[in-house]
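Below is one structure, written out as structure tokens, with a few remarks after it.
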Amino acid sequence: MKKTNHINYAASGQEVYCCLRNRVVRLDASHTTNYCLGCKMYNGNAGGKGVECLWEDMRDVSNPYRVSDPHAEWASNQKRSVVHLHEDGMMYLQTGPCQ
């Protein structure tokens, strides 16, 4: 699967969605130092307006994908679809929150 560049623009209070931590975080010097700079998904500082993260997104999103509402982005990332092969040979699609 192709990796998507997620441009997470900081919302009020410098909040962004962090895929690594799977939560909305305050994008400050502490978070950047302790998480972003060591993260394999880190892809830049969005021109000083947030953070860019490069990861394989199973959703149908544009590339680059621009995020301005970190809480909506968090909610969207709590859902996933999984295909299960049942013992009867049929494939079933199951959706639910990320585990």
Side-chain angles (χ1 to χ4, degrees):
M1 172 171 281
K2 183 179 176 186
K3 292 186 177 184
T4 301
N5 187 35
H6 297 75
I7 304 172
N8 297 286
Y9 294 108
S12 64
Q14 288 301 102
E15 291 183 327
V16 295
Y17 170 70
C18 175
C19 182
L20 176 68
R21 299 181 68 198
N22 190 31
R23 65 181 59 187
V24 175
V25 300
R26 180 173 169 81
L27 184 64
D28 56 15
S30 175
H31 180 83
T32 300
T33 300
N34 293 322
Y35 296 97
C36 298
L37 297 180
C39 180
K40 66 181 181 179
M41 296 178 278
Y42 180 69
N43 201 38
N45 71 357
K49 297 179 181 180
V51 64
E52 295 183 46
C53 307
L54 189 65
W55 49 276
E56 293 179 353
D57 197 330
M58 301 292 287
R59 301 170 298 167
D60 184 22
V61 297
S62 62
N63 192 6
Y65 177 58
R66 291 174 172 81
V67 178
S68 57
D69 183 339
H71 294 281
E73 180 68 359
W74 174 84
S76 178
N77 276 289
Q78 301 315 297
K79 300 173 187 165
R80 66 177 176 171
S81 298
V82 179
V83 176
H84 291 280
L85 181 60
H86 194 265
E87 60 191 38
D88 63 8
M90 296 293 294
M91 290 177 47
Y92 295 92
L93 180 65
Q94 175 183 356
T95 60
C98 294
Q99 298 294 320

Completion exercise
From the list Leu27, Asn34, Thr33, side-chain contact (heavy atoms from CB on, under 4.5 Å) partner of Ser30 resolves to Asn34
Problem - Reported CG-to-SG distance for the pair Leu54 and Cys19, which is rounded to 0.5 angstrom - result: 11.0 Å
Problem - Side-chain touch Asn8/Cys53, heavy atoms, less than 4.5 angstrom - result: yes
Handout entry: Fellow cluster residues of Trp74, listed by chain then number, with links counted only when side-chain atoms sit under 4.5 Å apart
Key = Tyr17, Val24
Exercise for the section: State, to 0.1 Å, how close His31 and Asp28 come at their nearest heavy-atom pair, and which atoms those are. Expected result: N-OD1, 2.8 Å
Completion exercise
Those residues at least two apart in sequence (or on a different chain) that pass salt bridge (charged side-chain N to carboxylate O under 4.0 Å, His left out) with Arg59 are Asp57, Glu73
Exercise for the section: Could you tell me whether the side chain of Asn5 and the main chain of Asn63 form a donor-acceptor pair under 3.5 Å? Expected result: no
Problem - Transitive ILVMFWY cluster of Val61, excluding itself - 4.5 Å side-chain cut-off - result: Tyr65, Val67
Problem - Side-chain donor or acceptor of His6 paired with backbone N/O of Thr4 under 3.5 Å - result: yes
Exercise for the section: Indicate yes or no: at least one non-hydrogen side-chain atom of Met41 is less than 4.5 angstrom from one of Leu20. Expected result: yes
Fill in the blank from the handout: Taken in chain and number order and not counting sequence neighbours, the residues that satisfy ring-ring contact (aromatic ring centres under 6.0 Å, His included) with Tyr42 are none
Fill in the blank from the handout: In short, Ser68 meets Ala11 closest at the heavy-atom pair O-CB, 4.0 Å
Problem - Minimal non-hydrogen separation, Val16 against Ala10, with atom names - result: CG1-CA, 3.7 Å
Exercise for the section: Check whether any side-chain heavy atom of Glu52 sits under 4.5 Å from a side-chain heavy atom of Pro64, and report yes or no. Expected result: no
Exercise for the section: Taking ring-ring contact (aromatic ring centres under 6.0 Å, His included) as the test, write out the residues that go with Tyr9, two or more places apart. Expected result: none
Exercise for the section: Only counting residues at least two apart or in another chain, list the ones meeting salt bridge (charged side-chain N to carboxylate O under 4.0 Å, His left out) with Glu15. Expected result: none
